Amino acid sequence: MSNGLDNNQIIALIVNFSILLVSLGVSIFLIFKIKFDDKNYRLLFVIYTLYWISPMLLREYTSQMHNNMLAAGWTDMPLWLPVTVYGIIGLFWKPLNDLLSHRLKSRKNVIFISLGIQAIGTIPMIVAPSLATNIIQSITVGIGASGIAVFNLMFNEQYAKKKVFLTVTLLSLPPLLAEFFSSVLQCCVTSFLPYGAKGAEYINIVKYMWVVGLVCIVITTICTFFVKEKSAYLYQDNKYKEPVQNKWDASVVILLIFAAAITSFIKFCTSGGTAITELEYIGGEKQPIISWRVNTNAYQGYLSVIFTIGQMAANILTGLFLVKRMNKWTIFSIASGLWIIYVILSASILNVYSRLVTNIINGFAFGMTYNLIVGMVMNKFFTKTNRITPVTLYNTGLSIGICSSQFFNTFMKEDVFAVDPITKEHTLSWGDFVWRNWIVTIAVIATIVIMWALFTGSYWITKKHPPQRIRVNRVRNQQDMDD
């Protein structure tokens, strides 16, 4: 690493830190301006935001660290290994969260378990970055991300039983705020990177991102002690939901889960670590228009910020306005069309700034589809068991999408990540990159069409065979359903 920071790095650090302070102030103001029916709701809202900062801070840089380990000659393992375990662990851990909640009669204790595992998994990456420690932290980040279903159910059971879409809208804000903060924190850390930093030089600076993540975990753990949870409320919100009790109801849930998997697949194919790597390539030495070559180190985290702004706008617009004025199929169709427009634009205009700006469409389309699917799933419950919930199966679908996207990205875009260990330059030619980009675009458009078809099927089954609500006469948190 070069001694000291150059003027560009100092400016970037000041800008990013200023944005962090302003964002913190605005977030505190908004949290206290939102009207909550219960002060504990506000506290849980804050904790949910804090909880998400660490997973979102670290998951996008799992691939970046592995790429630089390859550049440093520390490993020759393929990229899919560390990034795929993040999704694979969710396939098993999300159902386990339901079982633990059922046995412990507490979702709060499940959150504590998740935080403890995340803290343990973060430390090795700080002390000795390597392929093994990168895989370990990726697993624990996946465990942390699996907690989304726990928070969703806890909010709905404890505070908002009758207002599913309002709950979905409010619950979409903490992850978005967390993603915004994590993006700014990422930019603060990467501001210390000199232009063109690769390999060990990159790793020795970026590893401090895991220090920031550990601090967030500790703060979240302390705050969680103050959350009040009434175990008698577990599963009580079922009386306000639609039961899954026949083949038509089950078919709707299955179609929504597959649609959710594709939604997750598209998001992780077009955002996150993959998008950051593509941004570096587009602004790097292979860019044929010299004036378009840009040092993206200090600002690449704002890809996520722009995505988050689009997603937040879509969540608010969908949850508070569109669902009252349009049917869900129309809204989903609009979102699918916007997503197709985005992927075509991103393949057509290969410029750093245009990629940053158009990413707001990406976030907006994802926010609309996500809100609709999770809102419909949260409004359902299984009549024969509490050991597993539709929300957990939905989140398992998201994990399947994440795993699939990492295999897809590795297979289709691995050459984009490749860097010559001596020159530290990308090995893929610009012409091959453009050709590969259009192949990926066609594949993503095809998956968007499939996603739309799955949602259309679930919507029309619901119209033809509406679920029959049943009366729930008592609190359903006892073992009589399962034991």
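No experiment lies behind these values; they were computed from the predicted model shown. Position 1 is the first residue of the sequence, and the numbers go up from there. Only this structure's heavy atoms are used, side chains among them; waters, hydrogens and symmetry mates stay out.
Identified under the side-chain hydrogen bond (donor to acceptor under 3.5 Å, both in side chains) test for residues 124-133, with sequence neighbours left out: S130-T133.
Looking only at side-chain heavy atoms (C-beta outward), N134 and L131 stay at 4.5 Å or farther from each other. When side chains are defined from C-beta on, F307 counts as touching Q311, because their heavy atoms get closer than 4.5 Å. Taking the side chain as every heavy atom from C-beta outward, I53 and L185 approach each other to under 4.5 Å. I266 places a side-chain heavy atom less than 4.5 Å from the side chain of T447. Looking at heavy atoms from C-beta onward, L193 lies in side-chain contact with Y202 at the 4.5 angstrom threshold. Looking at L43 and F226, their side chains come closer than 4.5 Å, going by heavy atoms from C-beta outward. Within the 4.5 Å cutoff, side-chain heavy atoms of I47 are placed close to those of V227. F366 places none of its side-chain heavy atoms less than 4.5 Å from the side chain of T270.
Taking the centre of each ring, F364 and Y342 stay at or above the 6.0 Å mark.
Looking at every heavy atom in both residues, A335 comes nearest to A365 through O-CB, 3.6 Å. Residue I402 comes nearest to S264 through the heavy atom pair CG1-OG, 3.2 Å, listed as atom of the first residue, atom of the second, then distance. Shortest non-hydrogen contact noted between W339 and T263 is CH2-O, 3.7 Å.
Under a 3.5 Å cut-off, the side chain of Q118 and the backbone N or O of I217 do not form any donor-acceptor pair. For the pair K94 (side chain) and S146 (backbone), a donor-acceptor distance under 3.5 Å is absent. Put simply, the side chain of N362 never gets that close to the backbone of T358: no donor and acceptor are under 3.5 Å apart. Judged purely by atom type and a 3.5 angstrom limit, T49 uses its side chain to pair as donor or acceptor with the backbone of F45. Using a distance-only test at 3.5 Å, with no hydrogens or angles considered, no donor-acceptor pair links the side chain of T318 to the main chain of N315.
Heavy atoms from other residues, nucleotides or ligands lying under 6.0 Å from OH of Y208 number 12 at most. Within 6.0 Å of OH in Y459 there are more than 12 heavy atoms belonging to other residues, nucleotides or ligands.
With hydrogens and angles left out, the side-chain atoms of T224 and K108 include no donor and acceptor closer than 3.5 Å. In this structure, a donor-acceptor pair under 3.5 Å is present between the side chains of Y51 and S114.
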